Amino acid sequence: MKLHICKDVNDLSMQAAVWIGAVIKQTLAMQDRFTIALSGGSTPQKLHNLLSGYPYREEIDWTKLHIFWGDERAVPMDDERNNAKMAFDTLLDKVAIPMEQIHVMRTDIEPERAAEEYEKVLQKYFSDKGFSFDLVLLGMGDDGHTLSLFPGTPVIHETERWATSFYLPAQHMHRITLTASIVNRAARVAFLTTGSGKSQALKQVLEGPFDPDKYPSQVIKPIGELHWFVDKEAAALLTSVH
Ligand code: 6PG
C-alpha cells in the first residue's frame with residue numbers, strides 16, 4: 001500500500017491528477033484501452049475538474065478510455081445526488097469519450113435488474129481470471145464505508161456477484177454497487193480521502209484490527225496496487241506517519 005499524504009483537497013486533487021495522467025499514458029503505451037471505475041460522493045469533483053482542463057484534456061487519449069462507476073444512488077440521473085450526473089457535469093461532458101464506452105449504472109429500471117445488466121457488461125470486458133479494471137477510484141465515508149459497502153450490510157461479504165443492489169434504509173434509497181470481488185481484481189485501486197471527519201475511520205481502516213463489518217473499506221485488498229491519497233486532516237491520527 002502506498003500512502004500519499006497531501007496538504008489539502010486541492011493538493012490531493014493535483015497529485016492524483018498527475019498520477020492518473022501518468023498511469024493512463026503508461027498503460028496505453030502497452031494496450032489499446034484503459035478501463036476506469038469512477039467514485040461517487042463529493043471528494044472526486046476537484047480531480048474531475050482538473051482532468052477536464054489543460055494539460056490533461058489535451059494529453060490524455062480519451063477515445064481509449066472506458067468509464068464505469070463503483071456505485072450509484074438509485075435516483076434519477078437529473079438528481080443532484082446521482083453519481084453519474086456529477087461525473088458528466090465535472091468531467092465527461094468536457095472530454096471526447098465515445099458514449100458507447102461510458103457505462104452508467106441505470107436508475108430508470110429496477111435496481112436489481114440494473115445490477116444484473118451491469119454484471120453482463122462487466123463480463124464482456126473482464127474474464128474470470130487476471131486483472132479487471134486498470135484503475136478503480138474510491139472514496140471513504142466518515143463511517144468507513146466505500147462504494148456502497150456500508151457497515152453491517154451483507155454485500156460487504158459478496159464473493160460471487162460483481163455488481164448487486166440493495167435497499168439502504170438510512171438513506172431511504174436503493175444502492176447499486178460493485179462488489180469487492182471485482183474491485184479486488186483491479187490493477188490499481190486509489191482511495192481519495194480528505195477532512196478531519198474521516199480521521200477516526202481512516203485510523204481504524206489502516207491501523208485497526210480487521211473488522212470489515214464495522215469498517216468495510218478494509219475489504220479492499222487488490223491483487224494490484226493500492227494507493228491512499230489522503231490530506232493532513234484525514235491522516236491526523238495515523239501513528240504510521242506521525
Ligand atoms: C457514494 C460513494 C461513496 C463515497 C463516500 C465518500 O455514492 O456515496 O460512492 O462511497 O465515495 O461516501 O463520499 P464523499 O467524498 O462525499 O465524502
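For ligands, and for the atoms within them, numbers begin at 1 and follow the listed sequence. In this text, all values refer to a predicted model and were calculated from it rather than measured experimentally.
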task: Decide side chain to side chain donor-acceptor pair (under 3.5 Å) for T107 and E72; before the verdict, give the C-alpha distance in whole Å, the side-chain angles of both, and the deciding distance to 0.1 Å.
output: CA-CA 8 Å; T107 60; E72 187 56 275; over 6 Å; no

Closest protein heavy atom to atom 13 (O) of ligand 1, given as residue, atom name and distance to 0.1 Å: G41 CA, 3.8 Å

message: Check for me whether E72 has a heavy atom closer than 4.0 Å to any atom of ligand 1.
response: no

- prompt: Going by an N to O cut-off under 4.0 Å, is there a salt bridge joining R161 and E119?
  reply: yes

task: Would you give the length of the straight line joining atom NE2 of H145 to atom CG of L168, rounded to the nearest 0.5 angstrom?
output: 8.5 Å

field: Ligand-side contact atoms (ligand 1) for residue partner R73, heavy atom cut-off under 4.0 Å
entry: 1 (C), 7 (O), 8 (O)

- prompt: What protein heavy atom sits nearest atom 17 (O) of ligand 1, and how far away is it?
  reply: K198 NZ, 2.5 Å

query: Without hydrogens or angle criteria, can the side chains of N49 and T90 be said to hold a donor-acceptor pair below 3.5 Å?
result: no

- line: Counting from 1 in the order shown, the ligand 1 atoms closer than 4.0 Å to a non-hydrogen atom of T43 are 14 (P), 15 (O), 17 (O)

query: Short list, please: which atoms of ligand 1 are under 4.0 Å from a heavy atom of S39?
result: 11 (O)

message: Among all the protein's non-hydrogen atoms, which is closest to atom 6 (C) of ligand 1, and how far away is it?
response: M140 O, 3.6 Å

query: Charged N to carboxylate O under 4.0 angstrom, R113 versus E117?
result: yes

statement: In short, ring pair (Phe, Tyr, Trp, His ring centres under 6.0 Å) pairs touching residues 154-209 with sequence neighbours left out are Y167-H174, F191-W228

query: Does the N or O separation between T146 and ligand 1 drop below 3.5 Å for any pair?
result: no

Close-contact set for ligand 1 against L147 heavy atoms, below 4.0 Å: 3 (C), 10 (O)

message: What protein heavy atom lies closest to atom 12 (O) of ligand 1? Include the residue and the distance to one decimal.
response: H145 NE2, 2.8 Å

- prompt: Do L135 and T27 have side-chain heavy atoms sitting under 4.5 Å apart?
  reply: no

query: What atoms of ligand 1 come within less than 4.0 Å of a heavy atom belonging to G139?
result: 11 (O)

Pairwise ring pair (Phe, Tyr, Trp, His ring centres under 6.0 Å) hits with a residue in residues 64-98, at least two apart: H66-Y125, F68-H103, F68-Y125, F68-F133

field: Test of proximity, D71 against ligand 1: N or O pairs below 3.5 Å
entry: yes

